[in-house]
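Just so you know, these numbers come straight off a predicted model, no measurement behind them. Residue numbers begin at 1 in each chain, while the letters A, B, ... track the order of the sequences. The figures here come from the full heavy-atom set of this structure, side chains too, leaving out hydrogens, waters and symmetry mates.
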There are 2 protein chains.
Amino acid sequence: MSLQDTSQVSNCSAMSDVLNRIGDKWSVMVVGMLGRNGTLRFNELKRMINGVSQRMLTLTLRNLERDGLVTRTIYPEVPPRVEYSLTELGKTLQGPISALWDWSAENHFAIVEARAIYDLRQDATAAAEPRKIAYARG
Amino acid sequence: MSLQDTSQVSNCSAMSDVLNRIGDKWSVMVVGMLGRNGTLRFNELKRMINGVSQRMLTLTLRNLERDGLVTRTIYPEVPPRVEYSLTELGKTLQGPISALWDWSAENHFAIVEARAIYDLRQDATAAAEPRKIAYARG
DNA sequence: CGGTATCCATTTGGATACTG
DNA sequence: CAGTATCCAAATGGATACCG
């Protein structure tokens, strides 16, 4: 099976399944952070990932652990310490995620701009229309 | 500003914003399909993307159009024909998306496997535990 | 510190019916 | 063909309180 073959319509369900996990915002953030920093504690991650709630971070980490992308190490101390890092599999995901991250950094402004233009157009055409539904059943 | 600099904590909100759009399943699928096939009609996309509803495909395409990633061309015929393709900006997203797609194809099985193992462990430890809550308020 | 449990508002998205 | 509109069930996720 050649490598180029991945461009076929097949694997659509695999992609779909994978995306359900790593396609979500928090997962990408966690992998990104762990990729850069190697090992992080729960609250370190929480502080670094802007806006994540404790609940969501916990869920995200559990799912990543379940999928074999992240390891969780508990140190039985008081107060407890739990450290997270990427597995070997998780590290291979770093490349694709980084690419996405870089793309975001490079093109975020273009997107924001495109949105503004699109919205202006919508407003303009909406205003140009002769008031759509009024008078119905009058 | 050097390219390596994107590895800083900054751009977290840009990434977050971008992920809200392209991090969702259907968007990735649409960009993937349009990237491969160049130009596609609405129902062609619908048939190629397994499981997408008409509603979701419409919403996804509108959002991608709004973000400047996809163009929408209407041909005033009967029956109507509407064609979608990637913009230049959209094409630059192809690289990152392809990388993710290839990664999915390569590692899907490893993930499924990891899940199975994780779930087995959970079941095992659950069974090993001495019945957690019972007798409370007895 | 690193969680879990519960509640509840909001969002999401499929199903269905209708339209130019 | 390519949508739009509406309804409604289910999933999502924040807030809060409590625990080892």
Side-chain angles (χ1 to χ4, degrees), chain A residues 16-17 19-30 33-34 39-66 70-85 122 125-126 129-130 132-134 136-137, chain B residues 16-17 19-30 33-34 39-66 70-85 122 125-126 129-130 132-134 136-137:
Chain A
S16 182
D17 186 26
L19 276 175
N20 275 331
R21 175 73 45 244
I22 56 128
D24 108 283
K25 194 165 130 175
W26 302 134
S27 295
V28 174
M29 295 289 182
V30 167
M33 293 302 174
L34 290 179
T39 294
L40 290 171
R41 299 178 62 167
F42 184 86
N43 278 336
E44 286 177 330
L45 275 168
K46 188 164 186 307
R47 274 188 294 272
M48 297 178 79
I49 300 174
N50 215 302
V52 71
S53 67
Q54 190 168 34
R55 181 186 136 87
M56 286 318 293
L57 184 55
T58 301
L59 285 177
T60 301
L61 285 167
R62 284 298 172 285
N63 282 326
L64 289 173
E65 189 194 359
R66 183 167 104 103
V70 157
T71 59
R72 177 168 179 264
T73 313
I74 310 171
Y75 297 88
E77 310 167 355
V78 187
R81 179 161 56 106
V82 180
E83 289 186 346
Y84 294 92
S85 55
Q122 293 314 97
T125 54
E129 272 166 23
K132 283 173 129 175
I133 322 238
R137 295 184 181 283
Chain B
S16 182
D17 186 25
L19 276 175
N20 276 331
R21 176 73 46 243
I22 56 125
D24 109 283
K25 194 167 133 175
W26 302 133
S27 295
V28 175
M29 295 288 181
V30 167
M33 293 302 173
L34 290 179
T39 295
L40 290 170
R41 299 179 61 168
F42 185 87
N43 277 336
E44 287 178 329
L45 276 167
K46 189 165 185 306
R47 273 189 294 273
M48 298 179 76
I49 301 174
N50 215 301
V52 70
S53 66
Q54 189 168 34
R55 181 187 136 88
M56 286 318 293
L57 184 54
T58 302
L59 286 176
T60 301
L61 286 167
R62 284 295 172 287
N63 282 326
L64 289 173
E65 189 194 359
R66 183 167 104 102
V70 157
T71 59
R72 177 169 178 263
T73 313
I74 311 171
Y75 297 88
E77 309 168 353
V78 186
R81 178 162 56 104
V82 180
E83 289 186 346
Y84 295 92
S85 55
Q122 294 313 97
T125 53
E129 272 166 21
K132 283 175 128 177
I133 322 237
R137 296 187 178 283

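Straight-line distance from the CZ atom of B:R62 to the P atom of C:dT12: 18 Å, rounded to whole Å. Straight-line distance from the NZ atom of B:K46 to the P atom of C:dG14: 10 Å, rounded to whole Å. In this structure, A:E83 places its CD atom 9 Å from P of C:dG2, rounding to the nearest Å. We find that CD1 of A:I74 is positioned 14 Å from C1' of C:dT4, with the value rounded to whole Å. D:dT12 atom P lies 15 Å from atom CG of B:N20, rounded to whole Å. Taking atom CD of B:E77 as the reference point, atom P of D:dC1 lies 13 Å away to the nearest angstrom. D:dC1 atom P lies 7 Å from atom CZ of B:R47, rounded to whole Å. Atom CG of A:L57 and atom C1' of C:dT4 are 14 Å apart (whole Å).
Here the NZ atom belonging to B:K25 is positioned 8.5 Å from the CG atom belonging to A:L19, to the nearest 0.5 angstrom. Summarising the geometry, atom OH belonging to B:Y84 is positioned 10.0 Å from atom OG1 belonging to B:T71; distances are rounded to the nearest 0.5 Å. Distance check, rounded to the nearest 0.5 Å: CD1 of A:I49 to CE of A:M56 gives 11.0 Å.
Looking at heavy-atom distances under 4.0 Å, A:Y84 makes contact with sugar-phosphate atoms alone, never a base.
Remark: B:R41 is in phosphate contact with D:dA2, judged by side-chain N or O atoms under 4.0 Å from OP1 or OP2.
Among D:dC1, C:dG2, D:dT4, the nucleotide with an atom closest to any side-chain atom of B:T58 is D:dT4.
Taking five base pairs at each end of the helix from C:dC1-D:dG20 to C:dG20-D:dC1 and finding the rotation axis that steps the C1' atoms of four pairs onto the next four gives two axes whose angle is 50°, to the nearest 10°.
You'll find the side chain of A:R72 reaches within 4.5 Å of the side chain of A:I74, heavy atoms only. Taking 4.5 Å as the limit, every side-chain heavy atom of A:L61 sits out of range of all side-chain heavy atoms of A:E65. Side-chain contact between A:N43 and A:K46: present, with at least one pair of heavy atoms (C-beta onward) separated by less than 4.5 Å.
Within a 6.0 Å sphere centred on CG of B:N20, heavy atoms belonging to other residues, nucleotides or ligands number more than 12.
In this structure A:L40 satisfies the side chain to side chain contact (heavy atoms under 4.5 Å, CB included) test together with A:M33, A:L34, A:N37, A:E44, A:L45, A:M48, sequence neighbours excluded.
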> Nucleotide by nucleotide, 5' to 3', does protein get under 4.0 Å of the base (B), only the sugar-phosphate (S), or neither (-) in nucleotides 13-20 of chain D, counting heavy atoms?
Replying inline: BBB----B
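The shortest heavy-atom contact between B:S27 and B:R21 is OG-O, 3.2 Å.
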